[in-house]
Structures are given as structure tokens and as C-alpha cells.
Protein chains: 2
Amino acid sequence: MNIGQASRASGISAKMIRYYEAIGLIPKATRSYSGYRHYDERDIHVLLFINRARAAGFSIAHIKKLLLLWQDRRRPARKVKQLATSHLKELREKISELQSIAETLSQLIAHCRGDDRPDCPILDTLSDKDATQEFAETSKPNRLHSSVRQSSSKQCVKTK
Amino acid sequence: MNIGQASRASGISAKMIRYYEAIGLIPKATRSYSGYRHYDERDIHVLLFINRARAAGFSIAHIKKLLLLWQDRRRPARKVKQLATSHLKELREKISELQSIAETLSQLIAHCRGDDRPDCPILDTLSDKDATQEFAETSKPNRLHSSVRQSSSKQCVKTK
DNA sequence: TTAAACCTTCCAATAATTGGAAGGTCAAGT
DNA sequence: ACTTGACCTTCCAATTATTGGAAGGTTTAA
């Protein structure tokens with residue numbers, strides 16, 4: 001099985017499969033005589049696992065841990081649950097953050113007539129110190145390199 | 001006003017102020033005799049606008065448009081409302097996407113005893129094709145370079 | 001005069017993914 | 001046998017927003 005077929009079978013782009021290999025998320029693929037990567041059923045199984053974990057919003061770092069646990073015959077379910085729980089917590093935090101932003105924005109929009117006149121409460125709020133208290137309150141400090149993935153994966157299998 | 005004071009006054013790090021200048025989001029600052037950037041009240045006003053728009057989850061690209069509208073004395077409120085509305089739509093989509101991921105994960109967690117035995121429905125679901133139908137369904141295709149910002153800004157004013 | 005606290009530019013890293021160039025390989029059709 | 005197209009390879013760069021650091025110049029206060 002070449003990388004293209006593995007890509008179609010797993011839903012992960014060939015580019016990303018190579019990338020996952022480069023960063024050590026998956027072992028180095030065996031190579032054909034002429035250097036083509038070769039994948040078997042078990043490799044696909046792993047790639048599918050990765051794709052589903054990605055779809056569940058896990059970061060690569062988290063998936064790395066999950067893979068180790070998955071491959072450990074004697075793994076304690078406790079550890080997996082811990083990982084998933086802390087991930088869920090992050091997810092929920094991000095959700096409520098986005099929600100409060102959305103609510104504020106929604107209110108601003110509701111108060112804007114949206115006609116051809118320059119009068120606009122949205123811009124007014126963004127430019128007026130006092131009127132924007134809400135933003136400072138609703139948006140909590142948040143780290144850039146959160147392990148909550150920005151978006152779930154596209155299941156990009158070209159069903160040719 | 002030097003860049004450090006502008007940073008404290010606006011809540012945007014000096015690094016980012018230079019970056020915003022480099023990408024053309026803000027005009028090039030005037031420089032002192034020895035090359036130090038200099039900011040006045042109006043500059044701070046713009047930076048504050050940017051910081052609030054960032055806190056509202058707008059991407060730099062969106063903020064660029066907002067700034068143009070803001071500075072246009074004859075802007076139609078309609079355009080601003082359109083921009084804000086499409087941004088809100090993206091926000092809501094991201095929220096519901098994250099919510100369905102969170103729900104799925106939450107169910108998996110609920111079914112995991114989380115003891116010292118290796119039996120774990122979380123890993124089982126991630127590794128079993130059929131059991132994971134839900135992931136494929138709940139996670140909609142989604143572009144990486146969405147204009148919904150990953151997280152709102154930290155209001156990082158050192159209140160010295 | 002010297003030290004601390006600024007400022008400058010430039011370069012690199014982050015996370016995950018995509019794009020493209022330049023070139024090698026394989027299978028099918030002519 | 002030869003060409004064509006669809007593969008594959010590696011490497012390098014871009015994306016977004018932000019931070020970190022190095023190496024060096026400036027200002028201010030002691």
C-alpha cells in the first residue's frame with residue numbers, strides 16, 4: 001500500500017502522514033526498493049485512530065499520549081480517562097469563552113440599524129473606552145498554545 | 001510616548017505593536033531623533049480599538065476592514081453590520097462544532113470506569129471503525145484558516 | 001561613569017496544514 | 001521501446017498571531 005492509498009484509507013492527507021512520521025507520532029514507514037513508503041493494515045489502523053482522535057479535538061501532543069496508552073496492553077483506563085477529562089475541560093472552557101464573545105457581539109449587532117448612515121453602535125462600542133467594559137470582562141486571559149485544537153479535521157477521503 | 005508606554009496604555013504588547021506596523025495594520029509610527037517610535041493620543045485610540053476588536057474575536061484581516069470603516073466618516077452602518085454578522089455566524093458554527101465534540105467525548109468518559117484495568121471505552125471507540133460513526137457525523141469539514149480567532153486576547157496591561 | 005531600563009532590528013519558534021518546485025518511478029497505451 | 005500521466009520523493013516556504021531571544025544602541029538616574 002502506497003502513501004496515496006493509505007491516505008485514502010485513513011482520511012489523512014499524504015502530506016500529513018509524512019509529517020506525522022517526521023515528528024515521530026508514527027514509526028518510520030518501511031520503504032520499497034525505490035524509496036516509496038509502504039503501509040499495511042496495522043499502519044492504517046493507527047492512522048484511523050489518529051484521525052478519529054483528531055476529529056475528537058485532541059492535539060497532536062495528546063494523541064501521542066493516547067497512542068502510547070492504546071498500544072500498552074496493561075494500560076490503566078484511569079490514565080486515559082484523566083487525559084480525556086482534562087481535554088474535555090479545555091473544550092468546555094473554550095466553548096464558554098466563545099459563547100460570551102458571541103453574546104456580546106450579538107447584542108451589538110442587534111442595536112445596529114445597519115442602514116446607509118454612518119451611525120453604528122458596533123464601531124462606537126469598539127472605539128469607546130467606557131462602552132466596552134463588557135469585552136474586558138467577558139474575555140478571559142487565554143494561552144495561545146492551548147491544546148484544544150482549533151477545528152476538527154475534514155474527512156478528506158476523495159471517494160474516487 | 002514610547003512604545004512601552006503605548007503598550008501599557010493599549011494593552012497590546014510592544015512586540016505586537018511593531019508587528020501590526022510591519023503588516024500595515026497601523027501606519028508607520030513617527031520616530032524620535034534616535035529611532036525610537038513615538039505615539040500620541042490618536043495612535044493609542046487606534047490601538048485600543050484593535051485590542052477590543054481582538055477581544056471580540058475578530059481576526060487581523062477583519063480588523064483591517066473594521067479600521068477602514070471606522071476611519072471612514074461616511075461609512076454605511078450596513079457594511080459594519082454585515083461584517084459583524086458574518087463573524088458572529090462563524091463564531092456560532094465553531095461553538096456548535098466544539099459542542100458536539102464535547103458531547104461525544106463526555107459520553108465516552110461517562111462510560112469509562114477509569115480504574116486500573118485496561119478495559120477502556122474511550123480507546124475502544126477511537127480504535128473501532130464502527131463504534132466511531134458519531135465522530136464522522138458530528139465533526140463537520142472545517143477550514144484551517146478560518147477567520148475566527150483561536151482565542152481572545154489577554155488583557156496584558158501591567159498595572160505597574 | 002556606570003547600571004538599569006529602555007529601545008532598535010533580525011531571526012526563530014510555536015501548531016497543524018497546505019502549497020509548490022524539482023526530480024525520480026511506475027503502469028498503461030501507442 | 002517510448003511517452004504520458006499519475007504517482008512518489010525531498011526540501012523549502014507560507015499560513016496566523018504571538019512570543020522569545022540575541023546583539024546592540026539610548027536614556028535616565030545614581
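Every chain is numbered from 1, with letters handed out A, B, ... down the list of sequences. Hydrogens, waters and symmetry mates are skipped; everything else that's a heavy atom, side chains included, is used.
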Requested in this report: Before accepting this row, confirm whether a basic side-chain N of the pair B/E90/B/K94 lies closer than 4.0 Å to the acidic partner's carboxylate O.
Outcome: no
Query raised in the report: Does the pair A/D115/B/R78 count as a salt bridge with the N-to-O cut at 4.0 Å?
Result: no
Requested in this report: Would you check if B/T30 and B/D40 make a side-chain contact, meaning some heavy-atom pair closer than 4.5 Å?
Outcome: no
Please determine whether a side-chain nitrogen or oxygen atom of [X] lies at a distance below 4.0 Å from atom OP1 or OP2 of [N].
X     : N      : value
B/Y20 : D/dT18 : yes
B/S13 : D/dT19 : yes
B/R54 : D/dA17 : no

Whole Å only: how far is the [atom1] atom of [X] from the [atom2] atom of [N]?
X     : N      : atom1 : atom2 : answer
B/I23 : D/dT15 : CD1   : P     : 11 Å
B/I17 : C/dC6  : CD1   : P     : 14 Å
A/M1  : D/dC7  : CE    : C1'   : 15 Å
B/H38 : C/dT8  : NE2   : C1'   : 16 Å
B/E21 : D/dA17 : CD    : P     : 18 Å
B/H62 : D/dT16 : NE2   : P     : 13 Å
A/Y19 : D/dT10 : OH    : P     : 16 Å
B/R18 : D/dG20 : CZ    : P     : 13 Å

Requested in this report: Nearest 0.5 Å please: distance from the OH atom of B/Y39 over to the CD1 atom of B/I44.
Outcome: 8.5 Å
Counting only side-chain heavy atoms from C-beta out, which of [options] sits nearest to [X]?
X     : options               : value
A/I60 : D/dC8, C/dA16, C/dC6  : C/dA16
A/M16 : C/dA16, D/dT10, C/dC6 : C/dA16
A/K15 : C/dG19, D/dC8, C/dT17 : C/dG19

Requested in this report: Take B/K81 and A/C112 through the test side-chain contact (heavy atoms from CB on, under 4.5 Å) and record every step on the way to the result.
Outcome: CA-CA 7 Å; B/K81 190 167 186 173; A/C112 175; 4.0 Å; yes
Report task. Ignoring hydrogens and angles, tell me if any N or O in the side chain of B/N51 forms a donor-acceptor pair with the backbone of B/S10 under 3.5 Å. Result -> yes
Query raised in the report: Angle class for the A/F49/A/W70 ring planes (parallel below 30°, perpendicular above 60°, tilted otherwise)?
Result: parallel
Query - Residues touching DNA chain C, which here means a heavy atom under 4.0 Å, drawn from residues 27-37 of chain B - result: B/R31, B/G35, B/Y36, B/R37
